[in-house]
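Just so you know, these numbers use all the heavy atoms, side chains as well, and skip hydrogens, waters and symmetry mates.
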Amino acid sequence: MSEIIYVRGDATAPQGKGVKLIVHVCNDLGGWGKGFVLALSRRWPEPEAAYRRWHRERAGNDFALGAVQFVQVGPYLWVANMIGQRGMRTGSKGVPVRYEAIDTALGAVADRAAELGASVHMPRIGCGLAGGKWSRIEPLIERRLTGGDIPVTVYDFA
């Protein structure tokens, strides 16, 4: 079992060698415009375009909480758009984060990372605009990813 590596830096510029998979959380409304997604869009247009198309065509695909879309942005670099938040605002039903959806999505990420022989890179997913607690997310990552010997690096933006 490997451990999560924590570093200061930019998750859109993942460190290390080999195939890398950048993971982040999206909402279930098709909105893309605040938080980490802006950093992704500054670097590559493909993740946003793919996510918007996925949402627009949702009647005929798997777009829902817990689903993941894998978008290749370079020869050895992928972005995983994970649907892990219901809506975008804190309201009567609490914060937008949905831990069970993130857990399900991380299972798919684990499968794809194993298939690609990839390491996984992410900001503290679900803890920004989604309003989640890292103390609830970290064990999901440990169970789904590092528990299966998938290397994970978490980036805290300097």
Enquirer: Between Val152 and Trp134, is there a shared hydrophobic cluster once you connect ILVMFWY residues whose side-chain heavy atoms come closer than 4.5 Å?
Expert: yes

Enquirer: Show the nearest heavy-atom pair for residues Gly126 and Val25, with the distance to one decimal.
Expert: N-CG2, 3.9 Å

Enquirer: Kindly give the heavy-atom pair with the smallest separation between Cys26 and Asn81, and that separation in Å.
Expert: SG-CB, 3.8 Å

Enquirer: Could you give the distance from CD (Glu138) to CD1 (Ile125), rounded to the nearest 0.5 Å?
Expert: 11.0 Å

Enquirer: What is the distance from atom CE of Met82 to atom CZ of Arg98, rounded to the nearest 0.5 Å?
Expert: 14.5 Å

Enquirer: Flag the pair Arg86 / Leu65 as yes when at least one side-chain heavy-atom distance between them is below 4.5 Å, and no otherwise.
Expert: yes

Enquirer: Taking side chain to side chain donor-acceptor pair (under 3.5 Å) as the definition, give me every residue that meets it alongside Thr104, ordered by chain and number, with sequence neighbours left out.
Expert: none

Enquirer: Look at the side-chain heavy atoms of Ile, Leu, Val, Met, Phe, Trp and Tyr, link any pair under 4.5 Å apart, and say whether Val79 and Leu129 land in one connected group.
Expert: no

Enquirer: Compare all side-chain heavy atoms of Phe157 with those of Thr12 and state whether any distance is below 4.5 angstrom.
Expert: no

Enquirer: Hey, is CZ on Arg52 packed in by over 12 heavy atoms from elsewhere, all under 6.0 Å?
Expert: yes

Enquirer: Please answer whether the main-chain N or O of Asp103 pairs with a side-chain N or O of Arg143 as donor and acceptor at a distance below 3.5 Å.
Expert: no

Enquirer: Using the rule given for side chain to side chain contact (heavy atoms under 4.5 Å, CB included), can you reason through Asp156 versus Arg124, listing the C-alpha separation, both sets of side-chain angles and the distance that settles it, and then say yes or no?
Expert: CA-CA 7 Å; Asp156 287 313; Arg124 291 188 187 237; 2.7 Å; yes

Enquirer: Measure across Ala101 and Ile83 and return the closest heavy-atom pair with its distance rounded to 0.1 Å.
Expert: CB-O, 3.7 Å

Enquirer: Would you mind reporting whether Glu48 and Leu40 have side-chain heavy atoms less than 4.5 Å apart?
Expert: no

Enquirer: Between Ile5 and Pro151, is there a side-chain heavy-atom distance shorter than 4.5 Å?
Expert: no

Enquirer: If hydrophobic clusters are built by linking Ile, Leu, Val, Met, Phe, Trp and Tyr wherever their side-chain heavy atoms come under 4.5 Å apart, do Ile150 and Val23 end up in the same one?
Expert: yes

Enquirer: Which heavy atom of Cys127 sits nearest a heavy atom of Ile137, and at what distance?
Expert: SG-CG1, 4.2 Å

Enquirer: Using modelled atom types only, decide if a donor and an acceptor are shared between the side chain of Lys34 and the backbone of Trp32 within a distance under 3.5 Å.
Expert: no

Enquirer: Considering non-hydrogen atoms only, spot the tightest contact between Ala130 and Pro96 and give its length.
Expert: O-CD, 3.1 Å

Enquirer: So which pairs with a foot in residues 60-108 pass ring pair (Phe, Tyr, Trp, His ring centres under 6.0 Å), sequence neighbours left out?
Expert: Tyr51-Phe63, Trp54-Phe63, His55-Phe63

Enquirer: What distance do Leu106 atom CG and Glu142 atom CD have between them, rounded to the nearest 0.5 Å?
Expert: 11.5 Å

Enquirer: Could you tell me if the side chain of Pro14 sits less than 4.5 Å from the side chain of Leu77, heavy atoms only?
Expert: yes

Enquirer: Is Val19 reachable from Leu145 through a run of I, L, V, M, F, W or Y residues, each pair having side-chain heavy atoms under 4.5 Å apart?
Expert: yes

Enquirer: Name the atoms and distances for all side-chain donor-acceptor pairs under 3.5 Å in residues 107-123, with sequence neighbours left out.
Expert:
residue	atom	partner	partner atom	Å
Ser119	OG	His121	NE2	2.8
His121	ND1	Tyr155	OH	2.8

Enquirer: Check whether more than 12 heavy atoms from other residues, nucleotides or ligands sit under 6.0 Å from atom CD of Glu57, and answer yes or no.
Expert: yes

Enquirer: Check Val97 against Gly132 and note the closest heavy-atom contact, atom names and distance.
Expert: CG1-CA, 3.6 Å

Enquirer: Checking Arg42 against Asp10 for the salt bridge (Lys or Arg N to Asp or Glu O under 4.0 Å) test, could you report, in this order, the C-alpha distance in whole Å, the side-chain angles of both residues, the deciding distance, and whether it holds?
Expert: CA-CA 12 Å; Arg42 274 193 295 274; Asp10 180 355; over 6 Å; no

Enquirer: Taking the side chain as C-beta and beyond, is there a heavy-atom pair between Gln85 and Val95 under 4.5 Å?
Expert: no

Enquirer: Please verify the inter-ring angle class for His24 with Phe36; under 30° counts as parallel, over 60° as perpendicular, anything in between as tilted.
Expert: tilted

